[in-house]
Amino acid sequence: MPDSLIYCYLKRSSCIQAETGSRNDYVHRGILSCRDNITGGDLYDHIETSLRNKLNNILHSVNDMTGTDMIELYERHVRHYGSSCRLLGDACDYLNRHWVRRNYDNARTHIYEINELAQRIWRETLLKPLFPYIKGKCLNFIKKYRIDKSSIDIEVIRKIIGLYLDENFQKKRNELIGEDLRSKPVTDIYTEYFEIEFLQDVEDFYRQQNVRTLTPESISEYLSEISEYYDFEITFAKSFLPTSKSTLDALIKKLEEIYLPEYNLNLRHLYESIGRIPKISKAVAKLIENHVYENCIGDIAIKDSETFVDAIIDIQKKFLEIFYIEPKFKCALDEAFHKLINHNAITLQTGTTSKSAELLARYCDQFLKKRHKTGVEEKFNQILTIFKYIDDKDVFEKFYGKMLDICGLQYTSKCEQILQDIAVSKTLSDDYRKDIADFSVKVLSSNSWPFSLLPNIILSTELKATFDSFQDFYINRHHGRKLIWIYEHSEGELQLQTDFTEKKYKLQVSTYQMIVLALFNEKVHWTVEKIQEKTQIQFEFLVQVLCSLLKSKILFSKEINDIKMNHIIEFNNEFKSENFRINLNEPLKSNKQKDLQHLNQSIDEDRKFVIQAAIIRIMKQTQRLKYSLLVQQVIEQLNSRFTIKVPLVKKCIDLLIDRDYLEREFDERDILRYLS
């Protein structure tokens with residue numbers, strides 16, 4: 001039987017197909033015409049022997065080649081061989097359907113259809129012995145280029161990595177790797193036979209590089225030096241690593257472990273220095289984002305709401321202290337916290353990001369049910385910070401509202417308005433400050449927020465321009481609405497220039513403090529009377545503002561205990577502080593009392609409306625009711641919300657009578673009638 005029998009079959013197949021229009025007809029006729037000389041078993045054995053011989057010849061030729069040539073030849077053969085196997089399987093369709101099927105049905109399990117036979121022979125004869133060699137050559141090319149920057153064919157590396165990712169390659173992965181090369185089944189050839197060794201090579205190489213020791217004194221030089229390694233390795237890796245895998249992220253994390261370890265030095269000082277090196281501050285910001293997310297995602301893996309929120313609070317405290325010092329790093333932390341809160345082990349397990357919103361709502365409900373003597377304001381601020389990062393704020397609203405349903409719609413409506421105000425304000429601020437850095441506004445519904453108002457003040461030129469700009473922006477969006485600025489609840493940040501002080505300190509101040517300090521841009525000393533005239537701050541509040549600034553030693557005066565209108569206030573050019581950022585913001589004391597009074601007044605007014613609404617509901621339903629029964633039913637309806645005093649109910653009934661909603665029966669004065 002000629003050695004080229006298989007190829008003759010394929011050649012004759014194409015000729016007969018043109019004449020008959022059916023390849024299967026050809027195979028059927030070809031087998032029958034040769035039946036006197038060749039059995040199905042003979043043909044099967046000949047195909048198997050011919051394929052093994054041909055692949056053995058390829059294996060011998062490949063072994064004599066250099067690395068690049070060998071990989072290129074192998075890659076070319078694997079593509080051609082696959083298509084040839086499919087063609088051969090089609091040509092032997094009759095053989096597969098009769099002889100192969102008959103023998104397979106008789107329990108001869110080593111018999112396969114021709115296409116599968118050819119693939120098995122390829123794996124056993126060529127791929128299995130070459131696999132370790134190909135893998136080693138690929139990694140050696142990468143290592144060699146990293147060491148001496150010698151020329152390298154990136155396309156060859158891509159092709160080999162492409163083979164690791166090939167679907168058919170993955171399906172037969174455990175057949176390709178000998179038992180002596182593995183201790184357990186391989187789940188991903190790319191990861192276990194390329195990525196792991198690639199990352200280990202990276203670590204081995206860069207740990208051997210002669211890099212200066214990282215100390216607080218050598219931070220700039222150290223970072224400048226390692227930035228070259230970062231730039232080279234990341235650019236090089238991007239040229240061949242597949243985008244479908246996370247190897248690049250793992251590489252960046254590996255470099256971070258090597259060059260940014262947990263040294264016993266001031267990390268805040270370290271990252272302040274990084275922020276002053278433009279070349280790498282952006283890359284390091286990305287590292288910060290990835291580091292916070294990847295290293296903390298495992299800490300948020302419990303469905304208990306208290307543990308969930310407390311874990312996030314601890315993470316924020318830890319990293320804000322280190323990184324919240326430079327705009328790029330602030331943004332990186334914001335991105336990391338956003339991902340951490342909305343994409344963590346809990347949300348992945350439940351399959352929805354809304355789980356975080358639900359847990360936060362449950363935490364708020366549980367927290368407010370407990371009695372707390374201290375730390376309430378701090379906890380609320382922490383909750384609001386987490387709420388800022390929640391994507392599904394509407395889910396929070398729904399869950400929290402559901403927990404409040406026992407109190408009724410009227411009770412929850414203001415809470416819903418408050419939450420809505422916060423969400424809308426964030427959107428407004430984001431839209432407005434696209435061109436204005438570090439500016440945010442909370443636009444609050446006057447009916448839902450119990451703030452008392454102080455007389456207007458005169459803003460500095462810089463502040464007035466910003467406030468007016470936002471007001472124009474808002475009015476253009478919401479025609480017919482009016483904004484009233486609540487300056488006593490506003491705050492900002494000022495930076496002292498070196499013309500005035502030794503360092504560029506950043507001061508966190510109230511709006512009142514800000515406009516007073518802004519006056520010292522004009523001259524360095526003022527009388528209290530002139531400050532009051534320029535700012536129009538009420539004297540009782542101006543005294544508080546001046547006392548806080550004098551106490552901090554930003555301002556100076558000979559008289560600080562009993563401030564009078566004729567006292568002179570000066571800017572202190574010799575001001576010094578160990579802290580770069582100084583918080584001077586203090587609430588106005590008497591305004592706290594006014595806010596409390598206003599709150600109590602608003603509560604009384606709100607209760608009157610609720611009682612009147614209950615009266616109307618009851619009377620609309622009954623149309624006619626005895627006075628004492630109406631009072632009783634109102635109390636029964638509303639006592640779950642607050643303690644109701646009978647005189648207040650009677651007062652509300654009288655108000656509704658005066659407004660012609662109700663009237664007394666002419667002949668029975670204790671009977672009330674509803675007026676539709």
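The figures here come from the full heavy-atom set of this structure, side chains too, leaving out hydrogens, waters and symmetry mates. These numbers come from a predicted model, not from an experiment.
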Item to check | Trace of the side-chain contact (heavy atoms from CB on, under 4.5 Å) decision for Q495 with Y505 | outcome: CA-CA 6 Å; Q495 181 167 297; Y505 296 105; over 6 Å; no
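- Tested against I537, the residues I458, V516, N456 include a single side chain to side chain contact (heavy atoms under 4.5 Å, CB included) partner, V516.
- Residues Q508 and E491 fail the side-chain proximity criterion, which asks for heavy atoms closer than 4.5 Å.
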List, one per line, each side-chain donor-acceptor pair under 3.5 Å for residues 478-485, sequence neighbours excluded.
residue	atom	partner	partner atom	Å
H479	NE2	N476	O	3.4
R481	NH1	Y474	OH	3.1
W485	NE1	Q471	OE1	2.9

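- Annotation: side chain to side chain donor-acceptor pair (under 3.5 Å) contacts of Y293 (sequence neighbours excluded): none.
- Side-chain polar atoms of Q366 and S305 form a donor-acceptor pair below 3.5 angstrom.
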Checklist entry - Checking side-chain contact (heavy atoms from CB on, under 4.5 Å) for the pair V649/V646: CA distance, chi angles, key distance, verdict? => result CA-CA 5 Å; V649 179; V646 172; 5.5 Å; no
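- Partner of V509 under the side chain to side chain contact (heavy atoms under 4.5 Å, CB included) criterion, chosen from I582, N585, L517: L517.
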Item to check | side-chain hydrogen bond (donor to acceptor under 3.5 Å, both in side chains) assessment of Q316 paired with T385 | outcome: CA-CA 9 Å; Q316 288 180 324; T385 301; 5.5 Å; no
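- Of all non-hydrogen atoms in L638 and A614, the two that sit nearest each other are CD1-CB, 3.9 Å.
- In this structure, the side chain of N342 engages the main chain of Y389 through a donor-acceptor pair within 3.5 Å.
- Surrounding NZ of K379 are more than 12 heavy atoms belonging to other residues, nucleotides or ligands, all under 6.0 Å away.
- Shown here are the ring-ring contact (aromatic ring centres under 6.0 Å, His included) partners of F473, two or more places apart in sequence or in another chain: Y432, F470.
- Here the shortest heavy-atom pairing between F308 and N344 reads CE1-ND2, 4.0 Å.
- Rounding to the nearest 0.5 Å gives a distance of 10.0 Å between CD of E570 and CG of L555.
- In this structure, the separation between CG on N521 and CZ on F571 is 9.0 Å, given to the nearest 0.5 Å.
- Nearest heavy-atom pair, Q382 versus I313, reported as atom, atom and distance to 0.1 Å: OE1-CD1, 3.5 Å.
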Item to check | Candidate pair K534 and W526, rule side-chain contact (heavy atoms from CB on, under 4.5 Å), full reasoning | outcome: CA-CA 10 Å; K534 283 277 190 179; W526 293 82; 3.8 Å; yes
Checklist entry - Stepwise, does the side-chain contact (heavy atoms from CB on, under 4.5 Å) test hold for L496 with I554? => result CA-CA 10 Å; L496 299 180; I554 296 287; 4.1 Å; yes
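- By the 4.5 Å heavy-atom criterion applied to side chains, V545 and T535 are not counted as neighbours.
- Heavy-atom minimum distance, L428 versus V443: CD1-CG2, 3.8 Å.
- Separating the CG atom in L359 from the CD atom in E306 is a distance of 12.0 Å, to the nearest 0.5 Å.
- In this structure, OG1 in T347 is found 7.0 Å from CD1 in I297, a value given to the nearest 0.5 Å.
- Across every non-hydrogen atom of N572 and K553, the tightest pair is ND2-O, 2.9 Å.
- Of the charged side-chain nitrogens involved, none lies within less than 4.0 Å of a carboxylate oxygen, so that E335 and K339 do not count as a salt-bridged pair.
- To the nearest 0.5 Å, atoms CG (N290) and NZ (K253) are separated by 9.5 Å.
- In plain terms, the two heavy atoms of M514 and E493 that are nearest each other are CE-N, 3.7 Å.
- Looking at heavy atoms from C-beta onward, I390 lies in side-chain contact with S356 at the 4.5 angstrom threshold.
- I315 is listed as a side-chain neighbour of F337, based on a closest heavy-atom distance under 4.5 Å.
- At least one side-chain heavy atom of K608 sits under 4.5 Å from a side-chain heavy atom of K651.
- Within the 4.5 Å cutoff, the side chain of I563 has heavy atoms near those of the L550 side chain.
- The distance from the OH atom of Y512 to the OG atom of S548 is 13.0 Å, given to the nearest 0.5 Å.
- If you check the side chains of D391 and H338, you find a donor sitting under 3.5 Å from an acceptor.
- Between R617 and Q637 there is a side-chain heavy-atom pair separated by less than 4.5 Å.
- Side-chain contact between I258 and K254 is present, with at least one heavy-atom pair separated by less than 4.5 Å.
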